[in-house]
Asker: 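One structure is given below, represented as structure tokens, and several questions about it will come after.
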Amino acid sequence: MLLSAFGSLLQLLYLAMLVLAVVAFVFAATAREDAYRAADKKKKSFWLIILGIAVAVNLLIPMLFLQLAGVVASIVFMVDVRPALKAVSGGGGRKGGSGSDGPYGPYNGGR
């Protein structure tokens, strides 16, 4: 029973690593090429190759060491590269203004 529970936990871990790699690959594929240059990151093709290998390893070669290397690459992309791409592309986050801004501009309390 304990071995069965460990096997189930390991399968969930493998699935989580695959999902992370696929999500990172999709984000890398949908970002613009010039955003990578503007953010001073590696080329888009570099990240697509690395993350594509990570997805392939997770699907085809269930070796934990190789899968962990893919997880590291996916985490680096999601934590470092993707926020830089979003900042350069103008996506995500607030674009200035104060906490009292409304949908049509700043709210000044009726003054």
Asker: Enumerate the salt bridge (charged side-chain N to carboxylate O under 4.0 Å, His left out) contacts for residues 65-81, please, sequence neighbours excluded, ordered by first and then second residue.
Answerer: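 Non-adjacent pairs meeting salt bridge (charged side-chain N to carboxylate O under 4.0 Å, His left out): Lys41-Asp80.
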Asker: Hey, could you give me each pair passing side chain to side chain donor-acceptor pair (under 3.5 Å) that has a residue in residues 1-13? Not counting sequence neighbours.
Answerer: none
Asker: Using residues 63-73 as the side-chain source, report each donor-acceptor pair under 3.5 Å to any protein atom, sequence neighbours left out, with the distance given to one decimal.
Answerer:
| from | atom 1 | to | atom 2 | distance (Å) |
| --- | --- | --- | --- | --- |
| Gln67 | NE2 | Asn58 | OD1 | 3.3 |

Asker: Could you tabulate the donor-acceptor pairs under 3.5 Å formed by side-chain atoms of residues 12-32, not counting sequence neighbours?
Answerer:
| from | atom 1 | to | atom 2 | distance (Å) |
| --- | --- | --- | --- | --- |
| Thr30 | OG1 | Val26 | O | 3.1 |
| Thr30 | OG1 | Phe27 | O | 3.2 |
| Arg32 | NE | Asp34 | OD1 | 3.0 |
| Arg32 | NH2 | Asp34 | OD2 | 3.3 |

Asker: Under the salt bridge (charged side-chain N to carboxylate O under 4.0 Å, His left out) definition, can you give me all pairs with a residue in residues 2-23, not counting sequence neighbours?
Answerer: none
Asker: Are Lys43 and Phe46 in a cation-pi contact, defined as NZ or CZ under 6.0 Å from the six-membered ring centre and within 45° of the axis?
Answerer: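 No cation-pi geometry.
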Asker: Lys44: which residues meet the side-chain contact (heavy atoms from CB on, under 4.5 Å) condition with it, sequence neighbours left out?
Answerer: Glu33, Tyr36, Leu48
Asker: Check the surroundings of atom CG in Leu3: do more than 12 heavy atoms from other residues, nucleotides or ligands lie under 6.0 Å from it?
Answerer: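 No, because the 6.0 Å sphere around CG of Leu3 holds 12 heavy atoms or fewer from other groups.
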